[in-house]
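Encoded as structure tokens, the structure appears first; notes follow it.
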2 protein chains.
Amino acid sequence: MEDDADARELTATLRAGGHRLTGPRRAVWAALAVDGDGHLTVDEVVARSQDARPGVDRATVYRVLALFEELGLARPSQLDAGGPVHWERAHPDEHFHLRCTRCGSVEHHVGTLVATIREHLDDGHGFRADTVELTVHGHCATCRDDERGTVRGGVR
Amino acid sequence: MEDDADARELTATLRAGGHRLTGPRRAVWAALAVDGDGHLTVDEVVARSQDARPGVDRATVYRVLALFEELGLARPSQLDAGGPVHWERAHPDEHFHLRCTRCGSVEHHVGTLVATIREHLDDGHGFRADTVELTVHGHCATCRDDERGTVRGGVR
DNA sequence: CTAGTTGCAAATGTTTTGCAGTCTC
DNA sequence: GAGACTGCAAAACATTTGCAACTAG
């Protein structure tokens, strides 16, 4: 069971910062452990948290998420300008998002690219990069196939 | 006078899309022609537009900006997650933003990087990139100097 | 017990929408 | 003159905050 290590990480990080382990925090932490993509809007986090613990309030979820961000447990990202923020557990490796504007899926892309950007800016421009927010909007491989299929004769 | 070419571009693009040239649209277009960085929040666009044409409404500014985006005349960017969207005139070349979290300045960074990302994703992952949103948060060269100065003995 | 947390409700801030009057073409 | 646009007011979202009650340590 990975759940134990999971719970331990949460507890330890909270305690280290002088915070408490509470029901709502456990619920939000669990909500963020999504099998699929793992990019949830606050609405989704609220819904999942309430599954585990009916009564958790939206305001609490916002507060918990802000705390998790501060503690480095979770990461927000603005997948659409103007739209709601999406949340995921903080990954140790730097990555960016590939969002398909057709099916809405969000993939992670891990690689050296972010590090490269960082170094380039530091060396060449004296800019010290702290956080790199990179989101690429486009069509994923599957949707490109679907489009071709649809034209040829109606897949699906 | 660059203003003429400017006005002509606006008129032509609007007409091509079956849209009309109106006072508010002219005002918003002018507002976006900032000498400095050129990254304005909607609030700022409203203020500048009202300078040129008292009475323009916030709602109209939102509608005009959305239209400009659709026509490829303007580009929104979310410089801070959760915060208001910033607008600038659409540039022909792809660029991204370097935002200093100390002084708040926003620089443009033009280069081949965005094109590189695009190609890499297309070739290696079958992902067709349409728009690339890249914002780097950190400290600009000036602020890094200031910090050193402050430590040494209080610049400013 | 005591301070950190929470739920509830109300406030804030941003963006969107409905509609009747206005202005461009 | 017809339909695209605008201003005004109200609505729809997203997020934050104040506060009294609750609870983890």
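Every chain is numbered from 1 and lettered A, B, ... according to where its sequence line falls, protein lines coming before strand lines.
- The shortest non-hydrogen separation linking A:R99 to B:F127 is O-CZ, 3.5 Å.
- The OG1 atom of A:T22 sits 9.5 Å away from atom CZ of A:R20, with the distance rounded to the nearest 0.5 Å.
- A distance of 9.0 Å separates OG1 in A:T112 from CD in A:E119, rounded to the nearest 0.5 Å.
- One can place CG of A:L65 at 10 Å from P of D:dT16, the figure rounded to the nearest angstrom.
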Side chains of residues 133-140 of chain A: which donor-acceptor pairs under 3.5 Å do they make with residues two or more places apart or in other chains?
unit_1	atom_1	unit_2	atom_2	d
A:H137	NE2	A:L79	O	3.3
A:H139	ND1	A:E147	OE2	2.8
A:H139	NE2	A:T101	OG1	3.4

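- Within the model, atoms CZ of B:R102 and OG1 of B:T142 stand 9.5 Å from one another, a figure rounded to the nearest 0.5 Å.
- Tested against B:H97, the residues B:H86, B:H109, B:E88 include a single side chain to side chain donor-acceptor pair (under 3.5 Å) partner, B:E88.
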Which is it for A:R118 and A:D130 under the salt bridge (charged side-chain N to carboxylate O under 4.0 Å, His left out) test, yes or no, and what are the steps along the way? CA-CA 8 Å; A:R118 200 184 287 279; A:D130 290 333; 5.7 Å; no
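- Taking atom CZ of A:R58 as the reference point, atom P of D:dT15 lies 9 Å away to the nearest angstrom.
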Could you walk me through whether B:T41 and B:V85 pass the side-chain contact (heavy atoms from CB on, under 4.5 Å) test, one step at a time? CA-CA 6 Å; B:T41 61; B:V85 174; over 6 Å; no
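- A distance of 5.5 Å separates CG of B:L121 from CZ of A:F96, quoted to the nearest 0.5 Å.
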Nucleic acid footprint by protein, nucleotides 8-13 of chain D - heavy-atom cut-off 4.0 Å, B for base, S for sugar-phosphate alone: BB----
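- Put simply, CZ on A:R128 and SG on B:C100 are 9.0 Å apart, with the number rounded to the nearest 0.5 Å.
- Listed by residue number, A:R20, A:L21 are the residues of residues 16-30 of chain A with a heavy-atom contact under 4.0 Å to DNA chain D.
- Atom CZ of B:R26 has 12 or fewer heavy atoms from other residues, nucleotides or ligands within 6.0 Å.
- Residue A:Y62 places at least one side-chain N or O closer than 4.0 Å to OP1 or OP2 of D:dT15.
- On the nucleic acid side, DNA chain C has its first and last nucleotide under 4.0 Å of a heavy atom of chain B at C:dT14 to C:dC25, going 5' to 3'.
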Can you give me every donor-acceptor pair (side chain of residues 50-71 of chain A, partner residue at least two apart or in another chain, under 3.5 Å) with its distance?
unit_1	atom_1	unit_2	atom_2	d
A:Q50	NE2	A:V56	O	2.8
A:D57	OD2	A:A59	N	2.9
A:R58	NH1	A:D43	OD1	2.8
A:R58	NH2	A:D43	OD1	2.8

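- A heavy atom closer than 4.0 Å to some atom of DNA chain C occurs in no member of residues 66-81 of chain A.
- With values rounded to the nearest 0.5 angstrom, B:W87 atom CH2 is found 12.5 Å from B:H39 atom NE2.
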